[in-house]
S.K.: 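Quick one: this structure, given as structure tokens, is what I'll be asking you about.
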Amino acid sequence: MQAAVLRAKSDPSEANLTEVLNRGFGHEQFRPGQLEIVQRVLRGENTLALLPTGAGKSLTYQLPALLLPGLTIVISPLLALMADQMDSLPPSLPGGALRSDMDRRDMWETLTRLRAGELKVLFVSPERLLNEHFVNDLQNVPGGVSLACIDEAHCVSEWSHNFRPAYHRLGRILNDRVQAQTTLALTATATKKTEVSLIKQLGIPSEGVMRNVRVRDNLILSVMRVPDVARERTLCHMLKHDELLQEGSIIVYTATQRDSERVASYLYNEGIKAKAYHAGQEPAQRRQTQAEFMMSRVRVVVATIAFGMGLDKSDVRAVINFSLPRSPEAYIQQAGRAGRDGAPAACVTFLDPKDYLRSRSLTFSDGVDRPSITRLLQSVFESGPVMKKAKDEAEWTPCVGALSASEMEIKLDMRIEAIETVLSCLDLWGEGLIRILPDIRSTCEAQFYGRSPAEIGKDCPLAAAIVKLVPKPKASMYKFKIVDACMHMQTGFEDVASQLKAMSKNDNVTYTLSDRAVGFEIVRAPPKDIIPLAKALADHCSEIEACSVGKLDALYNAMDEAANAEDEEAQGEHLRQCLAEYLNEDSDMLPSPPECVKQESQLLAPDIKTLLAHRSGGKVGGAGMMTARAIARVLHKLHSPAYPSKEWSRHHTWGRHAEVDFKVILSRAEEAIAKARGIDTGALK
Ligand SMILES: Nc1ncnc2c1ncn2[C@@H]1O[C@H](COP(=O)(O)OP(=O)(O)OP(=O)(O)O)[C@@H](O)[C@H]1O
């Protein structure tokens with residue numbers, strides 16, 4: 001084996017690499033695309049590999065990792081799968097993983113092995129790369145980082161079906177900080193638009209794109225019109241009687257955690273060995289279900305999308321979409337869990353307009369418009385201390401800030417995740433205006449048992465700051481905002497965090513951190529006028545929202561047309577053709593909404609009027625009015641922080657127009673607000 005590796009290192013020819021493939025991985029020959037990708041990576045050329053699900057993408061980083069001199073880091077969003085991915089490494093590739101759910105001792109052990117240069121492959125979550133200490137470790141790793149592999153790379157792009165804010169900043173960190181010699185991005189699903197933004201962010205040349213996205217030929221794609229009320233019964237009947245479904249394992253995908261529980265127990269009561277799997281369960285329970293499924297002790301897993309991305313079980317004979325997936329990409333991913341052994345496997349989708357309309361509504365849950373973005377930017381750039389600093393200082397020096405979930409979610413009527421996404425956009429294209437800081441808690445409660453804080457404060461700036469910030473502690477509890485301590489000490493969050501840790505280690509101090517927050521650093525002086533910035537961000541967010549809705553509409557249209565085809569074969573053919581067109585389409589044109597999405601409703605105008613008169617929006621809408629989006633959300637039965645379903649589900653307008661296009665309601669509500677305020681609608685956009 002060693003000799004084969006040496007030969008391939010000095011001459012990475014097809015013959016030499018095939019020998020490593022045989023000896024190191026036990027595979028006879030390369031699958032389509034693998035050799036070209038491996039050779040590009042070994043030449044140090046940045047590459048984006050778009051290969052079908054189950055095509056063997058992992059090998060394209062594993063084999064180079066054996067031959068390259070330094071470390072290969074694999075950035076993966078799949079916490080649950082890191083252990084499996086590590087197990088699939090050949091013995092000659094010592095690997096480690098850093099996951100947020102690991103205990104400290106394991107984490108420490110992996111870090112020690114990393115620093116000692118004992119690892120060849122390291123799996124990490126994207127969030128981990130936002131951690132300064134970890135990036136320092138990578139910079140000093142013996143032999144350097146030879147390859148950065150970004151698994152499920154579509155998550156980097158906001159135009160993908162599964163964008164993750166932490167992934168958004170990845171390109172810059174990899175380029176500027178980690179300085180990996182080569183980047184390899186892997187995904188099974190990316191439209192042209194996603195591809196363009198991916199290669200831009202990750203610094204991949206256009207000739208470095210290896211594109212082969214398609215649905216494997218052994219997958220039998222079909223669709224069934226099943227009304228909402230008959231879905232469980234139909235599923236159960238299929239599982240008991242469909243010939244293809246009598247062997248192997250089966251995954252049923254549902255849209256919500258509640259559905260996954262309900263359907264799993266329905267099947268279980270019908271005598272089918274089924275278990276639920278979703279992100280709301282305890283990690284240990286999820287791990288156990290996954291393990292039982294992999295060992296074929298549980299035949300059917302009823303799961304949300306939390307299950308399965310990257311899952312490699314060879315004999316999954318069917319994937320059944322109990323609900324319509326959110327996008328063609330999600331559909332391809334989910335279907336791709338089936339038939340990985342190459343034998344025929346069924347991918348059946350249940351289609352019901354009511355179910356689709358609910359998914360379509362939910363796509364608008366986290367959207368934001370210019371009024372909320374303006375208020376968000378005001379909170380960042382126009383807070384008292386920032387304004388004072390801008391006024392007092394001739395030259396701007398960076399300072400930190402934080403928006404906490406408990407304060408901002410209701411004030412802005414945005415979930416903290418949405419706040420983070422908008423600020424991530426600003427981080428990326430604000431040309432160094434702000435920098436998002438990872439994983440922040442905004443409030444600290446500290447108790448001193450030995451020496452007093454004043455005494456400790458003689459050589460600890462944080463303790464001195466605490467004395468100033470909390471002159472009168474309640475029951476000897478010092479409660480303060482971390483950001484206030486940063487401001488006081490003119491330092492960053494990391495410094496405060498490390499001083500807190502040091503105090504708790506040396507000085508008998510205990511502390512708890514609470515209240516999730518988005519932390520940021522204002523690097524350059526804030527803009528004098530935030531309106532143009534708010535407008536640009538709002539336009540961008542609205543484009544992203546339209547793109548997500550377009551994905552769902554495109555899939556519904558394709559399924560709806562396929563359902564009219566005369567037989568299963570014609571259905572599959574039609575679906576394949578639609579998916580290929582969708583993925584390879586170059587234009588930005590959005591599909592037109594299906595007929596079941598209404599463009600008008602009789603009672604819409606009076607209901608908007610009722611909500612405008614409600615005046616509940618004193619807290620969010622300004623001038624006591626609800627915002628247009630808040631109105632549209634209520635009419636679509638969508639919960640939001642300032643208009644929670646618990647309170648609003650009793651209102652007679654709640655969900656009354658869920659079949660009307662959300663965008664139509666939004667613009668009608670904007671017109672009504674503009675009229676009520678005597679302004680032009682353009683002023684609201
Ligand atoms: N050249 C090869 N010959 C035979 N089997 C291979 C080869 N390359 C990879 N495989 C096997 O194919 C299976 C799928 O590989 P892998 O999990 O890397 O797929 P993938 O492309 O990452 O899929 P997904 O996108 O669905 O996660 C694995 O069991 C792997 O061992």
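All ligand and atom numbering here is 1-based and tracks the order in the structure. Just so it is clear, the values below take in all heavy atoms, side chains as well, and ignore hydrogens, waters and symmetry mates.
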S.K.: Out of curiosity, is A55 lining ligand 1, as in a heavy atom under 4.0 Å away?
M.R.: yes

S.K.: Between E28, R31, H27, K57, which one has a non-hydrogen atom sitting closest to atom 22 (O) of ligand 1?
M.R.: K57

S.K.: Would you please name every residue forming a ring pair (Phe, Tyr, Trp, His ring centres under 6.0 Å) with Y556, sequence neighbours left out?
M.R.: Y356

S.K.: Assess the side chains of R40 and T47: does a donor N or O sit below 3.5 Å from an acceptor N or O?
M.R.: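 Yes, T47 and R40 have a side-chain donor paired with an acceptor closer than 3.5 Å.
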
S.K.: Determine whether the side chain, the backbone, both or neither of Q34 has a heavy atom under 4.0 Å from any heavy atom of ligand 1.
M.R.: side chain

S.K.: Centre-to-centre under 6.0 Å for F307 and F293, is that the case here?
M.R.: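 Yes, the ring centres sit under 6.0 Å apart.
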
S.K.: Identify, by atom number and element, the atoms of ligand 1 in contact range of G56, meaning under 4.0 Å from any of its heavy atoms.
M.R.: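 Checking each atom against G56, I get 9 (C), 15 (O), 16 (P), 18 (O), 19 (O), 20 (P), 21 (O).
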
S.K.: How long is the gap from CZ on R317 to CG on D242, to the nearest 0.5 Å?
M.R.: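 Atom-to-atom, R317:CZ and D242:CG are 12.5 Å apart.
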
S.K.: Would you say S424 and T421 are linked by a side-chain donor-acceptor pair, where the criterion is simply a distance under 3.5 Å?
M.R.: no

S.K.: Any heavy atom of R337 sitting closer than 4.0 Å to ligand 1?
M.R.: yes

S.K.: With side-chain contact (heavy atoms from CB on, under 4.5 Å) as the criterion, how do E232 and V226 come out once you've worked through the C-alpha distance, each side chain's angles and the decisive distance to 0.1 Å?
M.R.: CA-CA 10 Å; E232 274 135 334; V226 186; over 6 Å; no

S.K.: Based purely on interatomic distance, does G54 place a nitrogen or oxygen under 3.5 Å from a nitrogen or oxygen of ligand 1?
M.R.: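 Min N/O separation from ligand 1 is below 3.5 Å for G54.
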
S.K.: Hey, does L21 come in under 3.5 Å of ligand 1, counting only N/O atoms on both sides?
M.R.: no

S.K.: Could you tell me whether D312 and ligand 1 have an N or O pair separated by under 3.5 Å?
M.R.: yes

S.K.: State which residues pass salt bridge (Lys or Arg N to Asp or Glu O under 4.0 Å) with D352; sequence neighbours excluded, sorted by chain then number.
M.R.: none

S.K.: Taking both backbone and side-chain atoms of T53, is any N or O found less than 3.5 Å from an N or O belonging to ligand 1?
M.R.: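 T53 vs ligand 1: no N/O contact under 3.5 Å.
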
S.K.: Tell me the contacting part of R340 for ligand 1: side chain, backbone, both, or neither, using a 4.0 Å heavy-atom threshold, strictly below.
M.R.: side chain

